[in-house]
Q: 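Sending over a structure as structure tokens; questions will come in a sec.
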Amino acid sequence: MQQNAYPQLYYIAEERFSCRSYSSEPVDPDTLIAVMDLVRLAPSACNRQPWMFIQATTPDERAAVIESYPREWIATAPEFIIACGNHDESWKRPQDGKDHTDVDVAIAVEHLCLAATTLDLATCWVCHFDPAVIRKAFNLPDHLEPVAIIPIGHPADGVAPTPKNRKTLDGIFRRGKF
């Protein structure tokens with residue numbers, strides 16, 4: 001398969017990276033809405049859309065995000081989006097009851113990351129955080145689970161994607177049986 005079959009998408013996927021240093025430049029509110037509007041279009045199992053995205057808007061909410069993931073770099077992000085899954089609305093596979101909340105939220109979060117990249121913003125998936133801190137700070141109802149924190153903003157000067165170390169196509173794709 002040739003990467004020139006879909007050059008714009010390939011470029012965006014190559015440019016998207018986990019940013020851990022942001023500039024102090026604020027994110028334009030209309031730009032953030034444009035990113036979230038693309039998230040709205042993400043597919044989900046049986047179109048259940050079992051998600052809610054919450055922007056940390058107050059100093060207390062920002063402090064809670066930083067407390068939940070006490071790594072120094074996260075405080076540099078001008079915005080935080082909390083991706084939550086709604087287990088009450090998610091599709092469950094009938095054969096074994098597998099709940100697809102995490103799968104659906106992951107698809108939507110990656111839409112967020114790719115949309116942000118197209119608008120010269122940077123993001124990072126943060127999954128290693130204390131969900132109890134987030135739950136309390138945002139007064140989340142029981143049916144919403146905080147799945148990921150997405151810092152979003154302009155990368156700091158000099159921060160750019162590093163070369164990606166990815167498996168080859170043969171290493172991830174096969175036809176037929178093992």
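The analysis underlying the following values was restricted to heavy atoms, covering all of them including side chains, and did not include hydrogens, waters or symmetry mates. Predicted model, so just to flag it, every value in this text is computed and none were measured.
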Q: Determine whether Q8 and T118 satisfy the following criterion, side chain to side chain contact (heavy atoms under 4.5 Å, CB included), listing intermediate values before the conclusion.
A: CA-CA 10 Å; Q8 292 169 325; T118 67; over 6 Å; no

Q: To the nearest 0.5 Å, what is the distance between OG (S90) and CH2 (W51)?
A: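 Separation between the atoms: 11.5 Å.
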
Q: Taking C-beta and beyond as the side chain, do F138 and C84 meet within less than 4.5 Å on heavy atoms?
A: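 In short, these two side chains do not touch, never coming nearer than 4.5 Å.
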
Q: Roughly how far, to the nearest 0.5 Å, is the CG atom of D30 from the CG atom of L119?
A: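 Going from CG on L119 over to CG on D30, the span is 11.5 Å.
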
Q: Treat each ILVMFWY residue as a node, draw an edge where side-chain heavy atoms are under 4.5 Å apart, and state whether W125 and F53 are in one component.
A: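 Same cluster.
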
Q: Roughly how far apart are H111 NE2 and M36 CE, rounded to 0.5 Å?
A: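 Taking NE2 in H111 and CE in M36, the distance rounds to 12.0 Å.
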
Q: Sequence neighbours excluded, which residues qualify as salt bridge (Lys or Arg N to Asp or Glu O under 4.0 Å) partners of D120?
A: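 Salt bridge (Lys or Arg N to Asp or Glu O under 4.0 Å) check on D120 returns nothing, list empty.
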
Q: What I'd like to find out is whether the side chain of P50 reaches to under 4.5 Å of the side chain of S44, using heavy atoms alone.
A: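 Yes, their side chains come closer than 4.5 Å.
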
Q: Looking at CG of L32 and CD1 of I152, how far apart are the two atoms once the value is rounded to the nearest 0.5 Å?
A: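 It comes to 5.5 Å.
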
Q: Going by side chain to side chain contact (heavy atoms under 4.5 Å, CB included), V126 matches just one of I82, I150, I149. Which one?
A: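 Testing V126 for a side chain to side chain contact (heavy atoms under 4.5 Å, CB included) against I82, I150, I149 leaves exactly one candidate, I149.
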
Q: Is it possible for you to say whether L114 and V27 belong to one hydrophobic cluster, with membership spreading through side-chain heavy-atom contacts below 4.5 Å?
A: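 Looking at the clustering, V27 is in a separate group from L114.
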
Q: Check whether any side-chain heavy atom of P78 lies under 4.5 Å from a side-chain heavy atom of E25, and answer yes or no.
A: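 The answer is no, as the side chains (C-beta and beyond) never meet within the 4.5 Å cut-off.
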
Q: Linking I/L/V/M/F/W/Y whenever their side-chain heavy atoms sit closer than 4.5 Å, directly or via other members, would I81 and L38 fall into one cluster?
A: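 No: no chain of side-chain contacts under 4.5 Å links I81 to L38.
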
Q: I'd like to know if V39 and L121 are part of one continuous hydrophobic network [Ile/Leu/Val/Met/Phe/Trp/Tyr, side-chain heavy atoms within less than 4.5 Å].
A: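 Yes.
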
Q: Over all heavy atoms of both residues, which pair between A64 and V133 is shortest? Give the atoms and the distance, please.
A: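 A64 and V133 have their closest heavy atoms at O-CG1, 3.4 Å.
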
Q: If you define the side chain from C-beta out and look only at heavy atoms, does anything of I54 sit under 4.5 Å from L140?
A: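 Contact flag for I54/L140 side chains = yes.
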
Q: Could you tell me whether the side chain of E61 and the main chain of T57 form a donor-acceptor pair under 3.5 Å?
A: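 Flag set: sc E61 to bb T57 pair under 3.5 Å.
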
Q: Could you tell me whether K167 atom NZ has more than 12 heavy atoms of other residues or ligands within 6.0 Å of it?
A: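 Counting other residues, nucleotides and ligands, NZ of K167 stays at 12 neighbours or fewer.
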
Q: Remaining members of V159's ILVMFWY cluster at a side-chain heavy-atom cut-off under 4.5 Å?
A: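 Taking Ile, Leu, Val, Met, Phe, Trp and Tyr as members, V159 shares its hydrophobic cluster with F17.
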
Q: Nearest 0.5 Å please: distance from the CZ atom of R16 over to the CG atom of L112.
A: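 Going from the CZ atom of R16 to the CG atom of L112 covers 10.0 Å.
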
Q: Decide whether T101 and H87 meet the rule of one side-chain donor and one side-chain acceptor closer than 3.5 Å.
A: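 Note: T101 and H87 side chains meet the donor-acceptor criterion.
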
Q: Parallel under 30°, tilted from 30 to 60°, perpendicular over 60°: which one fits the rings of H100 and W91?
A: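 Rings of H100 and W91: tilted, as their planes differ by 30° to 60°.
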
Q: Quick check: closest heavy atoms across D142 and R135, and the distance to 0.1 Å?
A: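 That would be CA-NH1, 4.0 Å.
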
Q: Would you kindly confirm whether L144 and V109 end up in one hydrophobic cluster when ILVMFWY residues are joined by side chain heavy atoms under 4.5 Å apart?
A: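 No, L144 does not connect to V109 through the hydrophobic network.
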
Q: Any chance you could measure H154, atom NE2, to T31, atom OG1, to the nearest 0.5 Å?
A: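 It comes to 7.0 Å.
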
Q: Regarding D60 and T58, do their side chains bring together a donor and an acceptor under 3.5 Å, going by distance alone?
A: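 No - no donor-acceptor pair under 3.5 Å links their side chains.
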
Q: Is it true that, when you exclude D37 itself, more than 12 heavy atoms of the residues, nucleotides or ligands shown sit nearer than 6.0 Å to its CG?
A: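 Atom CG in D37 is packed in, count exceeds 12.
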
Q: Does the side chain of E14 reach to within under 4.5 Å of the side chain of P161, using non-hydrogen atoms?
A: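 No - every pair of side-chain heavy atoms lies 4.5 Å or more apart.
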
